[in-house]
Number of protein chains: 2
Amino acid sequence: MAARKQNSTYTSNEKYIVECDLTYAVNKIGGRWKILIISKLEKGKMRFGELKKEFPYITERMLTLQLRALEQDGLVKRTVYAEVPPRVEYELTEMAAAFGPIFQQLSEWGGKHRKSVN
Amino acid sequence: MAARKQNSTYTSNEKYIVECDLTYAVNKIGGRWKILIISKLEKGKMRFGELKKEFPYITERMLTLQLRALEQDGLVKRTVYAEVPPRVEYELTEMAAAFGPIFQQLSEWGGKHRKSVN
DNA sequence: TGGGGTACTAACAAAAGTGTAAGTAATGGC
DNA sequence: GCCATTACTTACACTTTTGTTAGTACCCCA
């Protein structure tokens, strides 16, 4: 999320890579927690604290960062209720819901092939 | 590929994450170049040098690393011919070929949604 | 003898990603 | 007044990923 140097090969490569629709899509769900978060949210709205409980070792910082990134990318909608203590709910956008069947297939792939290599 | 400390939260999380078939699958194709390499190889066998030319800014080191990882994961088959100068060919395994239709869909997702968010 | 071609490898450096630990605001209930 | 609750934020440290640069082996051919 931080500003990047604009002249590095790292950045050139990133630009090149994002031009491809496929890598563009994969980048959206990259990172350690995003796919897991999306999977959980497929079942419906969840509060920050509920999501946190789903992942035993995630830190609040990480969860916040990932949710913010997902929001930025238009995959998650964030609703804040003006209450105390605060209540914030997260839900998938249509765009993210479209990942459903794809995730299903990826998951099947994982299930089928994880045994074949040790 | 380097040895990791076995006691970090980073590692605990990784273990947890890999237990999920979905993230297991996504991890196989994670990283900057793997999907692109697989895409190219879908068209057929390629030599190291040919692959290199496909990606304007990839370094030899990166290409080697990614190919080795793919080989490790059983996604790519590497064939060395005993010639001078050396000739090495890479091709997808069945396991990797099974990604074909999934990549197709991800690519469509990318094409459809990249306009909606700037 | 020396250069060209191919597919690498090694040591190092920069960048990004992830985790740790502590602290914040707001308000209702005791 | 003080504490608990929730959803964060901040500053820092560590780990992994990616890139830079230089070098290797091998044999053929001029």
Side-chain angles (χ1 to χ4, degrees), chain A residues 1-18 23 27 29-37 45-71 76 78-90, chain B residues 1-18 23 27 29-37 45-71 76 78-90:
Chain A
M1 301 299 130
R4 264 181 207 139
K5 291 186 184 163
Q6 290 305 306
N7 53 353
S8 60
T9 299
Y10 188 93
T11 304
S12 307
N13 277 334
E14 188 163 61
K15 279 183 196 148
Y16 167 75
I17 285 167
V18 168
T23 44
N27 280 350
I29 56 170
R32 182 152 258 205
W33 300 104
K34 288 186 191 166
I35 342 173
L36 289 166
I37 293 173
K45 276 186 198 175
M46 291 181 94
R47 296 183 57 172
F48 183 88
E50 289 175 322
L51 273 170
K52 185 156 131 56
K53 278 183 212 134
E54 293 285 339
F55 309 112
Y57 303 116
I58 200 173
T59 61
E60 298 192 337
R61 173 183 144 79
M62 267 298 120
L63 186 51
T64 303
L65 282 176
Q66 303 297 303
L67 285 169
R68 287 289 188 283
L70 289 169
E71 196 189 357
V76 157
R78 179 167 177 266
T79 313
V80 184
Y81 296 88
E83 301 175 2
V84 169
R87 180 159 65 100
V88 181
E89 288 187 341
Y90 294 92
Chain B
M1 299 300 129
R4 261 179 210 143
K5 290 188 184 164
Q6 290 305 306
N7 55 351
S8 60
T9 300
Y10 189 92
T11 305
S12 307
N13 277 335
E14 188 164 61
K15 279 183 195 150
Y16 167 76
I17 285 168
V18 168
T23 44
N27 279 351
I29 55 170
R32 184 152 256 208
W33 300 104
K34 287 186 191 166
I35 342 172
L36 290 167
I37 293 173
K45 278 186 197 174
M46 291 181 95
R47 297 183 57 172
F48 184 87
E50 289 175 321
L51 274 170
K52 186 156 130 60
K53 278 182 214 135
E54 294 284 340
F55 308 113
Y57 303 117
I58 201 173
T59 61
E60 299 191 337
R61 174 182 143 80
M62 266 300 120
L63 186 50
T64 303
L65 281 176
Q66 304 297 304
L67 285 169
R68 287 287 188 283
L70 289 169
E71 194 189 356
V76 156
R78 178 168 177 265
T79 313
V80 184
Y81 295 88
E83 301 174 1
V84 170
R87 181 159 66 99
V88 181
E89 287 187 342
Y90 294 91

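What you see is a predicted model, and the numbers here were worked out from it, not measured in a lab. Sequence lines set the chain letters: A, B, ... in the order given, protein chains first and strands last, and positions in each chain run from 1.
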In whole angstrom, give the distance that lies between atom CZ of A:F48 and atom P of D:dA7.
7 Å

Below 4.0 angstrom from OP1 or OP2 of D:dC8, is there any side-chain N or O of A:R68?
yes

Phosphate OP1/OP2 of D:dT20: any A:T9 side-chain N/O under 4.0 Å
yes

Atom pair distance, as rounded to whole Å: CG in A:L65 and C1' in D:dC8:
11 Å

Evaluate the side-chain proximity of A:Y90 to A:L70: yes if any heavy-atom separation is below 4.5 Å, no if none is.
no

Ignoring hydrogens and angles, answer whether the base of C:dT18 and the side-chain atoms of A:R61 contain a donor-acceptor pair closer than 3.5 Å.
yes

Would you mind reading off the distance between B:M62 atom CE and D:dT21 atom P, rounded to a whole angstrom?
15 Å

Is any side-chain N or O of B:R47 closer than 4.0 Å to OP1 or OP2 of C:dA7?
yes

Out of C:dC8, C:dG5, D:dA7, which nucleotide sits closest to the side chain of B:P85?
C:dG5

Looking at D:dC8, I'd like to know if its phosphate oxygens (OP1 or OP2) sit under 4.0 Å from a side-chain N or O belonging to A:R78.
yes

If I take atom CZ in residue B:R32 and atom C1' in nucleotide C:dG17, what distance separates them, rounded to the nearest angstrom?
13 Å

Where the side chain of A:V84 is concerned, which of C:dT27, C:dT20, C:dT9 is the nearest nucleotide?
C:dT27

Without decimals, in angstroms, what is the distance between A:E60 CD and C:dT24 C1'?
12 Å

Distance test, side-chain N/O of B:Q66 to OP1/OP2 of D:dT17, below 4.0 Å:
no

So, do A:L36 and A:I58 sit near enough that their side-chain heavy atoms are less than 4.5 Å apart?
no

What nucleotide among C:dG19, D:dA7, C:dC8 has an atom nearest to a side-chain atom of A:W33?
C:dG19

Just how far, in rounded Å, is C1' of D:dT6 from CD of A:E50?
12 Å

What is the distance from OH of A:Y57 to P of C:dT20, rounded to the nearest Å?
11 Å

Would you indicate whether the side-chain heavy atoms of B:L67 and B:L51 approach each other to under 4.5 Å?
yes

5' precedence on DNA chain C between B:L67 and A:P86 (nearest-nucleotide basis)
B:L67

Do A:M62 and A:L65 touch side chain to side chain, with heavy atoms closer than 4.5 Å?
yes

Can you tell me if A:F55 has over 12 outside heavy atoms packed within less than 6.0 Å of its CZ?
yes

How many whole angstroms separate atom CG of A:L63 from atom C1' of C:dT18?
13 Å

OP1 or OP2 of C:dC8 sitting under 4.0 Å from any side-chain N/O of B:Y90?
yes

